[in-house]
Amino acid sequence: MTAKLKKIASNFQFKGELKRIVQNLTGNINKTYRFYYEDGNDKYSYTVQAINKYVFKQPELVMKNIDAVTKHIKKKIELAGGDPNRETLTIIPTNDGKLFYIDEDGEYWRAYYFIDGASTYDTVSDPSHLYHAGVGFGNFQKMLADFPMDELIETIPDFHNTKKRMTTFFESVERDEVGRAKFVSDDIFFFETYRDIAESLVNMQNAKAFPLRVTHNDTKYNNILIDNKTGKALCVIDLDTVMPGLSLYDYGDAVRFAASTAIEDEPDLSKVGVDLILYEQFTHGFVSSCSGFLEKTELKNMALGGVVLTIELASRFMADYLDGDKYFKVTRTDHNLQRARNQIKLAQDMLNKYDKLCNIVERYI
């Protein structure tokens, strides 16, 4: 337990006496810790995070979004007779009532109540969990359907604007900042070949084919808590990128992550592909929870959403590799290259099975 973390703790409205701190090593962006407190026989724990300022240039706006969205969701949960303290995040304010604390190094810190009795998963151990995760992410969009979109700030402008992502990628290729482009010529050819598909959702959005919605924009399977007792989705977490977007972004990113046969940095590409059973489980849950809410054009293009979001993430990993690993946390040499090739292989498998993916979606429309 470092002196710095103790000082961080002293600035938040935590209950009891700090007993220990454990770092959570999962996640690619923010530094995350669990703080354990005791007050007599009562025990409390909190999630404490340092917001990555390289990724989020204005952390105060990130927190403003999260505060507004969670308050809105809490009202919906209360009306439905649920438990707002477990079914959405609860921000712990600082001693002076702010949503974040800035330390002497200019680092932004935030805190939430830790939600006990629930777990996150990097891979699917029980396929039924994925059905419930689909329901959870679909309900998340549905609860925010009437949220005033103009109150949200774009925390990362053009986050899923794949036209700009492709432009950024090819700029990284041209810049070749750390001399790595010569190692990835086949990978560059993949992006050249499928650039039109990658940009298709943005082109369709520009043609008004889809409505803008309040979306999560980072719907990885490990961004939803699964209740340990019921196996049902409990709470959507990691709300840093909640902003206007397409429903297809949330669906596509979710199936990209959860329906893969391997974790997204698996270096053995023979293990990587799309699992049709898992794909169907999530699709069934997501579509059923969005019944009467999503438009036909959204439903008809869900499979395309999965392909586009997979290519997009592959381009982001590869661009970061070419730029010298500045954005995503890496733990080994060529980590971002392995991630990128993993996603390229997954996108290729999705394209090979595209008709089957479309048929799965059709079953539940």
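If you're wondering where the values come from, they're calculated on a predicted model, not measured in any experiment.
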Would you find a donor on one side and an acceptor on the other, under 3.5 Å apart, between the side chain of N161 and the backbone of K164?
yes
Ring centre gap for F317 and F328 strictly below 6.0 Å
yes
Less than 4.5 Å apart, side chain to side chain, heavy atoms only: is that true for Y121 and L225?
no
Trace of the side-chain hydrogen bond (donor to acceptor under 3.5 Å, both in side chains) decision for D146 with H72
CA-CA 9 Å; D146 59 348; H72 184 88; 2.9 Å; yes
Any residue meeting side chain to side chain donor-acceptor pair (under 3.5 Å) with K74, in chain and number order, not counting sequence neighbours
T90
Residues in side chain to side chain donor-acceptor pair (under 3.5 Å) contact with K300, at least two apart in sequence or another chain
E362
Could you tell me whether K15 and D39 make a salt bridge, using a distance below 4.0 angstrom between a side-chain N and a carboxylate O?
no
R110 with D240: basic N within carboxylate O range, under 4.0 Å
yes
Backbone N or O of P84 within a donor-acceptor pair of the T88 side chain at under 3.5 Å?
no
Is the closest side-chain heavy-atom distance between N65 and T241 below 4.5 Å?
no
I'd like to know whether H335 forms a side-chain hydrogen bond (donor to acceptor under 3.5 Å, both in side chains) with D265, so could you lay out the CA-CA distance, the side-chain angles of the two residues, the decisive distance to 0.1 Å, and finally the verdict.
CA-CA 7 Å; H335 198 170; D265 59 355; 3.0 Å; yes
Taking NZ, NE, NH1 and NH2 as the nitrogens, is one of them in E280 or R363 under 4.0 Å from a carboxylate oxygen of the other?
yes
Go through the steps for V287 and M302 under the test side chain to side chain contact (heavy atoms under 4.5 Å, CB included), then give the verdict.
CA-CA 10 Å; V287 175; M302 280 188 165; 3.8 Å; yes
Nearest heavy-atom contact between F170 and R195 is CD1-NH1, 3.4 Å
Are the side chains of V22 and F35 in touch, meaning some heavy atoms are under 4.5 Å apart?
no
Between D67 and K71, is the closest basic N to carboxylate O distance under 4.0 Å?
yes
Donor-acceptor pair, distance only, cut-off 3.5 Å: does the side chain of K182 make one with the backbone of G179?
yes
Using a 6.0 Å distance limit plus a 45 degree cone around the ring axis, check whether R180 lies over the aromatic ring of Y321.
yes
Within a strict 4.5 Å, meaning less than it, do heavy atoms of the L304 and L248 side chains meet?
no
Give the cluster check for L278 versus Y131: same hydrophobic cluster or not, with ILVMFWY residues linked at side-chain heavy-atom distances below 4.5 Å.
no
Any chance you could lay out the salt bridge (Lys or Arg N to Asp or Glu O under 4.0 Å) test for K345 and D349, step after step, and finish with the verdict?
CA-CA 6 Å; K345 174 68 183 302; D349 196 46; over 6 Å; no
Under 6.0 Å between the ring centres of Y112 and Y46?
no
In terms of ring plane angle, is the pair F140 and H216 parallel, tilted or perpendicular, where the classes change at 30° and 60°?
perpendicular
Between K76 and E78 (salt bridge meaning N to carboxylate O under 4.0 Å), is one present in this structure?
no
Will you find, in the side chains of T94 and N11, an N or O donor that is under 3.5 Å from an N or O acceptor?
no
Do S172 and R175 pair up side chain to side chain, a donor and an acceptor below 3.5 Å, judged on atom types alone?
yes
Close side-chain approach of P244 to T215, heavy-atom, < 4.5 Å:
no
Do D227 and R86 sit within salt-bridge range, that is, some charged N less than 4.0 Å from a carboxylate O?
yes
Test your reading of the model: is there a side-chain donor-acceptor pair from E298 to the backbone of L294, 3.5 Å cut-off?
no
If we count only N and O atoms by modelled type, under 3.5 Å, do the side chains of N203 and K163 hold a donor and an acceptor together?
yes
Please determine, by modelled atom types, if R339 and N336 share a side-chain donor-acceptor pair under 3.5 angstrom.
yes
Quick check: F257 with Y221 (ring centres under 6.0 Å apart)?
no
Is the shortest heavy-atom distance from the side chain of V307 to the side chain of I197 under 4.5 Å?
yes
Could you go through E177 and L322, starting from their C-alpha distance and side-chain angles, then the distance that decides it, and tell me whether this counts as side chain to side chain contact (heavy atoms under 4.5 Å, CB included)?
CA-CA 7 Å; E177 191 170 334; L322 293 171; over 6 Å; no
Ring pair (Phe, Tyr, Trp, His ring centres under 6.0 Å) partners for Y44, two or more places apart
none
Under 3.5 Å: donor-acceptor pair, side chain of S45, backbone of Y36:
no
Under a 3.5 Å threshold, yes or no: a donor from one side chain and an acceptor from the other, between Q338 and R332?
yes
Electrostatic pair D253-K220, nearest N-O below 4.0 angstrom
no
For the residue pair V135 and F286, establish whether any side-chain heavy-atom pair is separated by less than 4.5 Å.
no
Under 3.5 Å, is there a donor-acceptor pair between the side chain of D320 and the main chain of R316?
no
For F191 and F169, I'd like to know if the aromatic rings sit close, meaning centre-to-centre distance below 6.0 Å.
yes
Do you reckon I92 sits in the same ILVMFWY cluster as Y33, going by side-chain contacts under 4.5 Å, direct or chained?
yes
Could you tell me whether the side chains of Q49 and T32 share a donor-acceptor contact shorter than 3.5 Å?
yes
Rounded to the nearest 0.5 Å, how far apart are CD1 of I237 and CD1 of I224?
9.0 Å
From CA spacing to verdict: side-chain hydrogen bond (donor to acceptor under 3.5 Å, both in side chains), Q343, T310:
CA-CA 6 Å; Q343 295 300 291; T310 306; 4.7 Å; no
Side-chain contact test, heavy atoms from C-beta onward, threshold under 4.5 Å: evaluate it for F14 versus V48 and give yes or no.
yes
Below 6.0 angstrom between ring centroids: does that apply to F190 and Y194?
yes
Thinking salt bridges, do K4 and D105 make one under a 4.0 Å N-O criterion?
yes
For the residue pair N95 and Q13, confirm or rule out a side-chain donor-acceptor distance under 3.5 Å.
no
Joint cluster assignment, I360 & I365, ILVMFWY side-chain distance < 4.5 Å:
yes
Classify the ring geometry of Y101 against F12: parallel below 30°, tilted from 30° to 60°, perpendicular beyond 60°.
perpendicular
Would you verify whether the NZ or CZ of R256 falls within 45 degrees of the ring axis of Y251 while also being under 6.0 Å from that six-membered ring's centre?
no
Derivation of the salt bridge (Lys or Arg N to Asp or Glu O under 4.0 Å) call for R165 and E199:
CA-CA 9 Å; R165 291 289 188 189; E199 297 179 354; over 6 Å; no
Side chain to side chain contact (heavy atoms under 4.5 Å, CB included) between L299 and Y364, intermediate numbers included
CA-CA 9 Å; L299 295 166; Y364 301 103; over 6 Å; no
H129 side chain to K232 backbone, donor-acceptor under 3.5 Å
no
Evaluate the criterion side chain to side chain contact (heavy atoms under 4.5 Å, CB included) for residue pair N223 and D218; output intermediate values, then yes/no.
CA-CA 8 Å; N223 277 339; D218 190 19; 3.5 Å; yes
Would E60 and K98 pass as an ion pair if we require N to O under 4.0 Å?
no
